[in-house]
Q: 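Pasting a structure below so you can have a look.
Quick caveat: nothing in here was measured; it's all calculated off a predicted structure.
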Amino acid sequence: MSTTEFRKEQQFVDGLYARLDDLREQAERAVREALAKGAGNGFQARLERDVLVAEQSGLLSALNSGENGLCFGRLEFSDGRDHHIGRIGIRQDDADRTPLVLDWRADAARPFYLATGHHPMGLRRRRHITTRDREVTALHDEILDLADPERTGLEGADADAVLLAALDAARTGRMHDIVETIQAEQDRIIRSPHQGVLVVEGGPGTGKTAVALHRAAYLLYARRELLARRGVLIVGPNPAFLGYIGEVLPALGETGVLLATIGELFPGVTAAGTDSPAAAEIKGRAGMADVLARVVADRQTLPEALPAASGEDNDLVPEPALEIDHDGYGTLLLDRTMAHAARDRARSTGLPHNLARPYFAFSVIDSLTDQLADRLGADPFGGPNLLGADDIAQLGKEIATSADVHAAIDALWPPLTPHALVADFLADPAHLPQEEAALIRRPVTGPGDWTPADIPLLDEAAELLGVDDSARRAAQERARQERIEYAQGVLDLSAGSESYEFEDMENEYLAAHDIIDAERMAERHEEADHRSTAERAAADRTWAFGHVIVDEAQELSAMAWRLLMRRCPTRSMTLVGDPAQTAEEAGCGSWAQVLKPYVGDRWELVRLGVNYRTPAEIMDVAAAVLRARHPGFEPPRSVRSTGRRPWLRPAGGAGGGGPADLAEQVGEAVRRGTPAEGRLAVIAPRGLHEAIADRVPGVRAGAEPDLTRKVVLLEPRQAKGLEFDSVVVVEPADFAPSDLYVALTRATQSLGVIHGGRLPEGLAEALEAAG
């Protein structure tokens, strides 16, 4: 019977791919035909063409992305119904649009992930289908209705066989989706109806990242209209991690998601510099928002007080003032009282610095106008001012256009940019204790000098300063009015050419001006923005995303959280992390501490407790390191054991080994331990990378790691969220406990430790016990 089942599933898969090819050909034909029409038929035709091309190109992308492993399951219900499950949904070309394969995110597909023998959800059998390209290579059936006597010969004694096969598969340097093996606890989180902040906590290997990415795909399916318009942002800890996960969502048919690090979330700035841990911690404190606010306030100055001459009565010292040479009228004085009143008026608006600046300027101009009017129109006999309202208004216009007046305004309330403000602050950190200022003080002379910890400071500065785009908006409005006037002229000409009447019949036809007015006609000729949602969001600092997912969320500083919360005013977020793996000094103390300022207690915490990645033999060693400091620590439970014990190898003699000895041992371990398929990671302190790279062919030091290479050299923090078949940890005593815990839990098959000095507390005993 099993041969018949294979033949039946292969016929279905063949038909499914035939339909896929038809859909792809239709989409390609639609794109070709649209492009062949060109854009010569006016704006509306061009817009319709571009929309069609975008829609069909998106469909093509989804079809191409979902092709590999298009169908991976089948549900057979007790009432005779059956459904195939796949990465994307495909329908037949019939009047009813009958589903050929259900999208894994559809409600009808949930039994594939949740049904059990105790709760079969109406199923009699669940089938897992494994394919390579378009060929069915394996079938595995799970019987859920034990009273059903029918058997196919494909039933397995181990219900987790498909999961374990996926876990044992060789790694490629890129994360794969887990739609075939989503577990019940993961499915509940992926489809969680919670619309606020959802925190997913779990130890190494529990699938936190995979759950977050599949939740993104699910939300894009369930809330397509909203999220297609507002977009989804996924924040990762480093570029290597984003490259590692970059193929997961496209494989699920979703390509409109923005992936970024915190260092990439200020448009136009790439954070290529580095900070010391202490400097990054200081910059990440919540109090930095108040510090920057005071720095901005410092730039809203008053004329400096003049020192009193020796022996002179302070009451006789003239009030400090800026002298402004006003052509033809002598010198105007912008004194401290006038400037103080103007500053108070501007600050009372509550607007950011640059947006409040016009109020300061208007107040100064009004005061100087009154001063000049009093001088020119004073009645020598003490009567009312001799100047009329029109005369005073003219004086105001002259002062408002004076370059010297504007120079004085700039001196007291200058226009500022976030880049200049933060660069000046870092060059001379004000409002900080001297020792902290010394830690963060450095020049920023070029675009490559910004660090990831600077990006939240730039974002905070942008909020405090605002952008005075009144000139740009005025220019846009002038251009709009010109288009409307031109359109009105076209309509008037059209109306004139159609104004004749027939003598013997009533004129009933519609003219152009009966169908459209000048304003709508002008709007049709505006240039459309054809960038994708992700592209537009990446270029706009003020973009509000429909949903934000943060991986390794425990590492973010308080200032980074301020930035992210601005990107998601609806607070629709999925936060993924493990406080036990916190490495950054600026990282969170607790989820409640992070979230309370933004959502109070209106957030939900779920935990993943099963380790799918790390074998029990390795997890026991990693857990011992944390238990040495935290006796009550409990790691996630590993679902498998490989029988391969972690090994320990000293470098050098009894006195320990130096960099050369360590590198020699690493080279030997790589030669012996590199898997025929899969990937090996060497996780070592940065100071040993050059020596190791000299001894291991193909390994590069200093560059962004290429995770598709057979052997990769990393620091512990670069390894966060990644996994490899084999891992060699070098000189573990040089790592912080949380970093060492991360390094020890990256392997799916084998782990080795090489050391030249002492071993951290708990590690030696654990390795001896393992051996």
Q: Test salt bridge (Lys or Arg N to Asp or Glu O under 4.0 Å) on D454 and K283; report intermediate values, then the result.
A: CA-CA 7 Å; D454 292 334; K283 292 179 182 181; 2.6 Å; yes
Q: Give the intermediate values and the outcome of salt bridge (Lys or Arg N to Asp or Glu O under 4.0 Å) for residues D739 and R717.
A: CA-CA 7 Å; D739 286 341; R717 297 186 188 187; 3.2 Å; yes
Q: Can you measure from CG (L707) to CD1 (I245) and round to the nearest 0.5 angstrom?
A: 11.5 Å
Q: Can you name the one residue among I234, L233, V248 that meets side chain to side chain contact (heavy atoms under 4.5 Å, CB included) with V257?
A: I234
Q: Please name the pair of heavy atoms, one in P732 and one in L763, separated by the smallest distance, quoted to 0.1 Å.
A: CG-CD2, 3.7 Å
Q: Check whether any side-chain heavy atom of F266 lies under 4.5 Å from a side-chain heavy atom of W450, and answer yes or no.
A: no
Q: If you measure from CZ on R613 to CG on L167, what distance do you get to the nearest 0.5 Å?
A: 10.5 Å
Q: Considering non-hydrogen atoms only, spot the tightest contact between G577 and Q554 and give its length.
A: CA-OE1, 3.1 Å
Q: Out of curiosity, E723 CD to Q749 CD, how far, rounded to the nearest 0.5 Å?
A: 10.5 Å
Q: Please report the C-alpha distance between F241 and T209 in whole Å, then the side-chain angles of each, then the deciding distance to 0.1 Å, and finally whether the side chain to side chain contact (heavy atoms under 4.5 Å, CB included) criterion is met.
A: CA-CA 10 Å; F241 175 83; T209 298; 3.7 Å; yes
Q: Work out which heavy atom in K208 is nearest to a heavy atom in G203; give both atom names and the distance.
A: NZ-O, 3.1 Å
Q: Do the non-hydrogen side-chain atoms of V753 and W647 ever get within less than 4.5 Å of each other?
A: no
Q: Flag the pair V699 / H689 as yes when at least one side-chain heavy-atom distance between them is below 4.5 Å, and no otherwise.
A: no
Q: Do we see a donor-acceptor contact under 3.5 Å between the side chains of S750 and S726?
A: yes
Q: Nearest heavy-atom pair of T451 and A271: which atoms, and what distance?
A: C-CB, 3.4 Å
Q: Give a yes or no on this: more than 12 heavy atoms of other residues, nucleotides or ligands lie within 6.0 Å of atom CZ of R629.
A: no
Q: Is there side-chain contact between Q718 and R686, with at least one heavy-atom pair below 4.5 Å?
A: yes
Q: Locate the shortest heavy-atom distance separating F724 from L714; write the atom from each residue and the value.
A: CZ-CD1, 3.5 Å
Q: Does any N or O in the side chain of E617 come within less than 3.5 Å of the main-chain N or O of G643, such that one atom is a donor and the other an acceptor?
A: yes
Q: Any side-chain heavy atom of E436 sitting closer than 4.5 Å to one from I440?
A: no
Q: Give the C-alpha distance, both sets of side-chain angles, the deciding distance and a yes or no for side chain to side chain contact (heavy atoms under 4.5 Å, CB included) between D459 and L457.
A: CA-CA 5 Å; D459 198 71; L457 302 186; over 6 Å; no
Q: For residues F112 and E180, report the shortest heavy-atom separation together with the two atoms involved.
A: CE2-O, 3.8 Å
Q: Roughly how far apart are L648 CG and R645 CZ, rounded to 0.5 Å?
A: 15.0 Å
Q: Starting at CD of Q195, measure out to CD of E604 and round the result to the nearest 0.5 Å.
A: 12.0 Å
Q: Do any N or O atoms from the side chain of S738 and from the backbone of T582 form a donor-acceptor pair under 3.5 angstrom?
A: yes
Q: With no hydrogens and no angle check, do the side chains of W591 and E201 hold a donor and an acceptor under 3.5 Å apart?
A: yes
Q: Just how far is it from atom OH of Y741 to atom CD of Q581, taken to the nearest 0.5 Å?
A: 6.0 Å
Q: Find out whether F735 and V742 are in side-chain contact, i.e. whether some heavy atom of one side chain is under 4.5 Å from a heavy atom of the other.
A: no
Q: For a 4.5 angstrom cut-off between non-hydrogen side-chain atoms, does R188 reach L114?
A: yes
Q: Using the rule side chain to side chain contact (heavy atoms under 4.5 Å, CB included), only one of R191, Q183, Q186 pairs with Y113; which is it?
A: R191
Q: I'd like to know whether the aromatic ring centres of W603 and H194 sit less than 6.0 Å apart in this structure.
A: no
Q: Report yes if the side chains of L252 and V179 come closer than 4.5 Å at any heavy-atom pair, otherwise no.
A: yes
